[in-house]
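Remember, predicted model here, so these are calculated numbers, not experimental data.
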Amino acid sequence: LAAVASFLLNPLTVFSSANVMSEPAFLCATLAVFVGMRRLLRGPARPSAALLAAVAAGTAWASVMRPQGFILIPFVFLGLAYAGRLRAAAVAAAPAVGLWLLLLMRNHAATGAVSAYLSRWQHDAPSQSTAVVVSNIGALLHAFFVRGFLGFLLRSSWPTALSAAVCLAL
């Protein structure tokens, strides 16, 4: 319940919930996967097929919602494997890997590149100087921490600021 409450009370989630974007759906799907994993790990050694299928489907769906979702696959696999649930780890990760491979093959067949991001990085990266890369990293850190978190704390009421601090600490 604490994880769900921290997600629901997270000011950034509430702020972006009115926008039609993939972030709220991605965050909800990722949270559902981790709640399912928690139930898998706290349950019997042979989990129910329905719970295992739900975690596998959630991992597959969340991993293709956003490009960053791919990183969910190895974390689900490693988390379950570390707990000694190798069969559950393989069953949970296999559909997501298969879906990702199908998606990449479809992208390559349709556009000649597996990802628009990859083709853009291959084109832009060699022309970027070290100063530009460092400047971009500085701008990213400034946007996330100075304008995002600290700016939000200064403009908000104390309950919202407390919720943001708890979410950041978790």
side-chain contact (heavy atoms from CB on, under 4.5 Å) involving I71 - partner list, sequence neighbours excluded: P74, F75
Applying side-chain hydrogen bond (donor to acceptor under 3.5 Å, both in side chains) as the test, list every pair that has at least one member in residues 27-43; sequence neighbours left out. none
Going by atom type alone, with no hydrogens or angles, which donor-acceptor pairs under 3.5 Å involve a side-chain atom of residues 47-61 and a protein atom two or more places apart or on another chain?
| residue | atom | partner | partner atom | Å |
| --- | --- | --- | --- | --- |
| S48 | OG | L51 | N | 3.2 |
| T59 | OG1 | V55 | O | 2.7 |

Heavy atoms of A62 and L72 approach each other most closely as CB-CD2, 3.7 Å
All pairs passing side-chain hydrogen bond (donor to acceptor under 3.5 Å, both in side chains) where residues 75-98 contributes a residue, at least two apart: none
Just list the side-chain donor-acceptor pairs under 3.5 Å for residues 91-106, sequence neighbours left out, or say none.
| residue | atom | partner | partner atom | Å |
| --- | --- | --- | --- | --- |
| W100 | NE1 | S63 | O | 2.8 |
| W100 | NE1 | S63 | OG | 3.2 |

Could you note down all residue pairs passing ring-ring contact (aromatic ring centres under 6.0 Å, His included) where residues 29-60 supplies at least one of them, sequence neighbours left out? none
Applying a strict under-4.5 Å side-chain criterion to I, L, V, M, F, W and Y, I'd like to know whether V35 and M37 cluster together. no
Give the other cluster members for L78, using side-chain heavy-atom distances under 4.5 Å between Ile, Leu, Val, Met, Phe, Trp and Tyr residues; answer none if it is isolated. F77
